[in-house]
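The analysis underlying the following values was restricted to heavy atoms, covering all of them including side chains, and did not include hydrogens, waters or symmetry mates. What you see is a predicted model, and the numbers here were worked out from it, not measured in a lab. Atoms within each ligand, like the ligands themselves, are counted from 1 in listed order.
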Amino acid sequence: MAFETIIVETQGHVGTITLDRAEAMNALNATLLDEMANALGRFEEDDTIGAIVITGNEKAFAAGADIKEMAERSYPSAMMDDFIGGSWQAISKCRKPVIAAVSGYALGGGCEVAMACDIIIAADTARFGLPEITLGVIPGAGGTQRLTRAVGKAKAMEMILSGRFMTAEEAERACLVSRVVPEGDLMEEAMTLAAKIADMSGVAVMTAKKAVERAHETSLAEGLIFERSAFYALFATEDQKEGMAAFVEKRKAQFRNR
Ligand code: DAK
């Protein structure tokens with residue numbers, strides 16, 4: 001399938017999705033969201049892909065949902081068309097690790113897309129914000145929940161109630177992003193990290209991702225129970241035997257996702 005609003009590529013075991021509506025600061029219109037969900041679905045099904053990188057361009061990762069497309073929406077149409085559903089949830093449903101490589105603006109829905117990813121790597125030019133309040137609405141794709149969990153109540157309140165943007169440096173200090181790198185190194189850093197993850201046992205990576213997600217979604221006691229059972233379960237995999245044998249034999253492990 002040819003895509004209109006994204007560029008989809010693979011490099012080794014890494015799939016990349018580049019948002020490609022530069023004329024609109026990569027605003028997320030319905031076509032882009034559908035295409036991104038479609039590309040993610042294909043990468044999920046592709047056994048050769050072990051990690052996914054989503055990126056934009058130098059100016060914008062994505063400046064939010066497409067305001068021009070959204071402006072005339074009514075409450076009944078939002079409800080009846082399932083405006084909230086489907087494509088917006090594609091990233092959070094993805095079982096493979098997804099890295100957001102963010103340069104320039106990540107605003108509104110763009111910031112929410114980045115926060116739905118497992119790891120955010122930011123260029124030093126990145127700006128994060130949830131300015132929906134300036135449009136008379138609030139974040140609708142997880143912003144109020146994910147930003148608050150990432151940076152805490154005070155900073156999340158300040159950003160969501162005032163629409164203030166955060167610099168990359170502030171985002172790193174606040175633990176919204178894992179790392180800030182010079183703009184020119186962004187894709188290389190993101191691809192290197194993705195390739196490293198894709199080289200691990202896919203079974204262990206998916207299990208680790210699920211376990212970390214539990215830290216946000218359940219109590220500590222429940223999370224610890226999940227972690228323990230998942231840890232035991234991995235001893236039933238060939239990859240565990242290979243990983244530990246490779247350590248003992250002082251060689252690189254060859255994982256086969258089994
Ligand atoms: N939508 C549509 N077009 C946009 C856009 C956007 N979000 N952001 C930028 N553009 C367009 C501009 O209109 C302009 O187009 P032309 O006028 O040239 O045709 C072009 O991109 C270049 O933008 P600017 O001329 O404004 O460029 P500047 O460098 O001066 O400013 C900026 C860059 C990113 C600071 C500024 O464009 C800006 O403030 N953009 C809007 C940011 C924003 O408010 N984002 C939040 C949108 S609301 C949902 C879940 C979530 C959401 C919706 C639904 N469901 C689950 C259903 C999310 C909502 C949002 O994200």
Side-chain angles (χ1 to χ4, degrees), residues 4-6 17-41 54-94 98 100-117 120 122-151 155-171 176-177 183 186:
E4 265 176 58
T5 60
I6 58 173
I17 300 175
T18 305
L19 311 185
D20 190 28
R21 292 192 71 217
E23 71 289 354
M25 295 270 170
N26 285 338
L28 307 165
N29 64 8
T31 306
L32 189 153
L33 287 164
D34 283 351
E35 290 187 345
M36 186 165 65
N38 182 306
L40 282 167
I54 301 181
T55 194
N57 58 47
E58 273 178 32
K59 278 195 178 163
F61 176 75
D66 192 313
I67 299 169
K68 293 166 190 167
E69 191 180 74
M70 208 168 32
E72 296 308 319
R73 276 237 173 238
S74 65
Y75 174 70
S77 90
M79 183 64 91
M80 300 307 287
D81 301 349
D82 193 20
F83 185 37
I84 289 288
S87 307
W88 277 105
Q89 290 165 29
I91 298 171
S92 54
K93 284 191 176 156
C94 191
V98 186
V102 176
S103 181
Y105 295 110
L107 304 179
C111 185
E112 291 173 307
V113 163
M115 291 193 294
C117 294
I120 304 177
D124 46 12
T125 58
R127 296 285 176 278
F128 297 88
L130 292 173
E132 285 87 343
I133 202 81
T134 66
L135 302 169
V137 290
I138 68 167
T144 59
Q145 306 304 300
R146 289 201 176 97
L147 185 69
T148 308
R149 280 170 162 77
V151 308
K155 207 177 263 292
M157 279 288 188
E158 185 194 338
M159 290 179 65
I160 291 166
L161 301 187
S162 73
R164 180 176 78 80
F165 300 168
M166 221 190 246
T167 61
E169 192 195 330
E170 184 181 0
L176 179 62
V177 309
E183 159 69 46
L186 178 66

Which bit of [X] gets closer than 4.0 Å to ligand 1, counting heavy atoms only: side chain, backbone, both or neither?
X: Ala63; result: both
X: Leu28; result: neither
X: Ala141; result: both

Please report whether ligand 1 has a polar contact with [X], defined as an N or O pair separated by less than 3.5 Å (distance criterion only).
X: Gly109; result: yes
X: Ala65; result: yes
X: Phe165; result: no

With the side chain counted from C-beta on, respond yes when [X] and [Y] share a heavy-atom pair under 4.5 Å apart, and no when they do not.
X: Met36; Y: Ile91; result: yes
X: Leu19; Y: Thr5; result: no
X: Leu147; Y: Phe128; result: no
X: Glu35; Y: Glu4; result: yes
X: Lys59; Y: Tyr105; result: no

Q: Locate the shortest heavy-atom distance separating Gly163 from Ile133; write the atom from each residue and the value.
A: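 Looks like N-CG2, 3.9 Å.
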Out of all atoms in ligand 1, which are within 4.0 Å of some heavy atom of [X]? Include the element for each.
X: Leu135; result: 44 (O), 47 (C), 48 (S)
X: Gly108; result: 46 (C), 61 (O)
X: Met70; result: 48 (S), 53 (C)
X: Leu107; result: 34 (C), 42 (C)
X: Gly64; result: 61 (O)
X: Pro131; result: 43 (C), 44 (O), 45 (N), 46 (C)

Q. What do you reckon, is CD of Glu158 surrounded by more than 12 foreign heavy atoms closer than 6.0 Å?
A.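 Yes, the 6.0 Å shell around CD holds more than 12 heavy atoms from other groups.
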Q | Any donor-acceptor N or O pair under 3.5 Å, side chains Ser103, Glu183 | A | yes
Q.
Looking at non-hydrogen atoms alone, which of Lys68, Glu23, Glu112 comes nearest to atom 19 (O) of ligand 1?
A. Lys68
Q: Measure the CD-CG distance between Glu69 and Asn29 for me, rounded to the nearest 0.5 Å.
A: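 So the gap between those two atoms works out to 5.0 Å.
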Q: Return yes when Arg127 approaches ligand 1 closer than 4.0 angstrom through a heavy atom, no otherwise.
A: no
